[in-house]
A.B. asks: 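I am attaching a structure below and will ask some questions about it afterwards.
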Amino acid sequence: RKWRMLLDAFPFPDGNGACAQVRGVVAHPRERDTVLVAVGDGRHSVSGVYLSEDGGVTFRKTLDVPFYGNEPMRVAGATLVGAGDGSERAYACPPFVGPQVSDDFGRTWRSLGLNNVYIRDCVLDWSDPRCLWLIGERREKCVGGLYCTQDGGETWNRLATDDVPLEMVQDP
């Protein structure tokens with residue numbers, strides 16, 4: 001019923017968030033005022049994952065990684081996903097850095113490897129929050145392919161190397 005702009009509350013170093021693009025939003029499964037937002041605009045100092053615990057009144061950066069907004073390096077698919085099982089698990093999938101996981105809804109993060117993959121899209125299996133699918137694009141020093149983990153990122157399987165899709169959708 002009511003909407004308000006949230007980008008004005010982002011703590012951008014230059015005080016100007018007008019050029020930032022939102023790349024992903026995940027709402028907390030139980031805390032209605034808690035949200036994670038992936039932002040990118042080509043300036044690494046701005047790009048990253050931000051957490052708000054007060055309904056978007058304030059944000060703080062919790063993951064300093066490169067996301068790209070509406071520019072040539074951008075990806076088409078999802079970059080931020082929540083587990084969907086009621087847990088606080090969230091995945092951020094920035095290009096060049098590899099997937100990151102948080103078990104406390106973005107307050108802390110850890111790398112899941114694959115830092116040589118330019119991630120185009122990530123999809124979390126709704127039936128199993130430890131099963132994550134990634135599409136990697138060949139770009140610069142990065143390898144491409146279709147990747148899957150069934151153990152929350154401890155191990156990865158490269159299922160295809162060529163002719164991978166640009167984006168994925170999950171059949172409900």
Side-chain angles (χ1 to χ4, degrees), residues 6-7 10 19-29 35-44 46-51 61-103 105-106 108-172:
L6 296 183
L7 277 180
F10 277 66
C19 294
Q21 291 92 36
V22 173
R23 294 292 297 121
V25 177
V26 174
H28 192 282
V35 63
L36 286 173
V37 181
V39 174
D41 76 341
R43 296 177 292 177
H44 184 65
V46 171
S47 187
V49 177
Y50 292 80
L51 172 67
K61 186 188 274 191
T62 62
L63 183 61
D64 188 17
V65 293
F67 286 107
Y68 300 97
N70 190 20
E71 57 192 277
M73 296 294 284
R74 74 181 179 270
V75 295
T79 56
L80 186 65
V81 292
D85 64 347
S87 73
E88 292 192 343
R89 181 169 277 222
Y91 295 92
C93 296
F96 297 118
V97 177
Q100 311 287 310
V101 66
S102 173
D103 289 315
F105 202 73
T108 61
W109 296 90
R110 65 181 167 86
S111 174
L112 296 177
L114 294 182
N115 57 0
N116 63 337
V117 176
Y118 185 92
I119 301 171
R120 287 198 58 81
D121 192 17
C122 65
V123 172
L124 191 62
D125 188 328
W126 292 334
S127 64
D128 182 358
R130 295 181 52 80
C131 183
L132 182 67
W133 297 81
L134 303 176
I135 295 174
E137 178 182 322
R138 280 191 205 139
R139 189 180 285 218
E140 296 180 18
K141 297 178 183 177
C142 293
V143 296
L146 176 64
Y147 296 84
C148 178
T149 179
Q150 295 181 333
D151 57 13
E154 299 303 318
T155 60
W156 291 93
N157 294 312
R158 189 174 181 198
L159 305 174
T161 58
D162 295 316
D163 299 323
V164 294
L166 295 179
E167 292 182 74
M168 298 176 282
V169 292
Q170 186 168 166
D171 184 345

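By convention here, the first residue in the shown sequence is residue 1. Keep in mind that the numbers below use all heavy atoms, side chains included, and drop hydrogens, waters and symmetry copies.
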A.B. asks: Would a 4.5 Å heavy-atom cut-off, applied to side chains only, mark L36 and Y50 as touching?
C.D. replies: no

A.B. asks: Is there a donor-acceptor pair under 3.5 Å between the side chain of T149 and the backbone N or O of C131?
C.D. replies: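 Such a contact is absent between T149 side chain and C131 backbone.
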
A.B. asks: Is it the case that the side chain of S47 and the backbone of V39 share a donor-acceptor pair, with hydrogens and angles ignored and the cut-off at 3.5 Å?
C.D. replies: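 Side chain of S47 to backbone of V39, a donor-acceptor pair under 3.5 Å: yes, one is there.
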
A.B. asks: Within the structure provided, determine whether K61 and V49 are in side-chain contact (heavy-atom separation under 4.5 Å).
C.D. replies: no

A.B. asks: Among residues at least two apart in sequence or on other chains, which ones pass salt bridge (Lys or Arg N to Asp or Glu O under 4.0 Å) with D151?
C.D. replies: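 Per chain and number, D151 pairs via salt bridge (Lys or Arg N to Asp or Glu O under 4.0 Å) with no residue.
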
A.B. asks: List the atom of W156, the atom of L112, and the distance in Å for their closest heavy-atom pair.
C.D. replies: NE1-O, 2.9 Å

A.B. asks: Between the side chain of D121 and the main-chain N/O of A78, is any donor-acceptor distance below 3.5 Å?
C.D. replies: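 Yes, because the side chain of D121 sits within donor-acceptor range (under 3.5 Å) of the backbone of A78.
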
A.B. asks: Side chain to side chain contact (heavy atoms under 4.5 Å, CB included) with S102: which residues, sequence neighbours excluded?
C.D. replies: D104, W109

A.B. asks: On a heavy-atom basis, which atom in D103 and which in E88 lie closest, and how many Å separate them?
C.D. replies: O-CB, 3.7 Å

A.B. asks: May I ask you to test the P99-C122 pair for a side-chain heavy-atom distance under 4.5 Å?
C.D. replies: no

A.B. asks: Within the distance-only criterion (no hydrogens, no angle test), does the side chain of T161 pair as donor or acceptor with the backbone N or O of G145 below 3.5 angstrom?
C.D. replies: no

A.B. asks: Looking at N157 and L159, would you say the former's side chain and the latter's main chain have a donor-acceptor pair under 3.5 Å?
C.D. replies: no

A.B. asks: Do you know the tightest heavy-atom contact between F67 and P95?
C.D. replies: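 Of all heavy-atom pairs spanning F67 and P95, the closest is CD2-CD, 4.5 Å.
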
A.B. asks: To the nearest 0.5 Å, how far apart are OG1 in T79 and CD1 in I119?
C.D. replies: 10.0 Å

A.B. asks: Can you check whether V97 reaches P66 side chain to side chain, under 4.5 Å on heavy atoms?
C.D. replies: yes

A.B. asks: Under 3.5 Å, is there a donor on one side chain and an acceptor on the other for R120 and Y118?
C.D. replies: no

A.B. asks: Would a 4.5 Å heavy-atom cut-off, applied to side chains only, mark C93 and L80 as touching?
C.D. replies: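 Heavy-atom side-chain distance check fails, nothing below 4.5 Å.
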
A.B. asks: Between atom CZ of R110 and atom CG of L63, what is the distance when rounded to the nearest 0.5 Å?
C.D. replies: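 Those atoms lie 13.0 Å apart.
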
A.B. asks: In the structure I gave you, are the side-chain heavy atoms of L132 and V123 within less than 4.5 Å of one another anywhere?
C.D. replies: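 Contact flag for L132/V123 side chains = no.
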
A.B. asks: Quick one: pull up CG in L146 and CD1 in I135 and give me the separation to the nearest 0.5 Å.
C.D. replies: 6.5 Å

A.B. asks: Kindly say whether G98 contributes a backbone atom to a donor-acceptor pair with the side chain of Q100 at under 3.5 angstrom?
C.D. replies: yes

A.B. asks: Between V143 and V117, is any pair of side-chain heavy atoms under 4.5 Å apart?
C.D. replies: yes

A.B. asks: Is there a side-chain contact between N115 and F96 (heavy atoms, below 4.5 Å)?
C.D. replies: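 No, side chains not in contact.
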
A.B. asks: Taking only residues two or more places apart in sequence or in another chain, which ones pass salt bridge (Lys or Arg N to Asp or Glu O under 4.0 Å) with R138?
C.D. replies: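 With sequence neighbours excluded, R138 shows a salt bridge (Lys or Arg N to Asp or Glu O under 4.0 Å) to D162, given in chain and number order.
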
A.B. asks: Testing the basics here: between F105 and V26, what is the closest heavy-atom pair and its distance to 0.1 Å?
C.D. replies: CZ-O, 3.4 Å

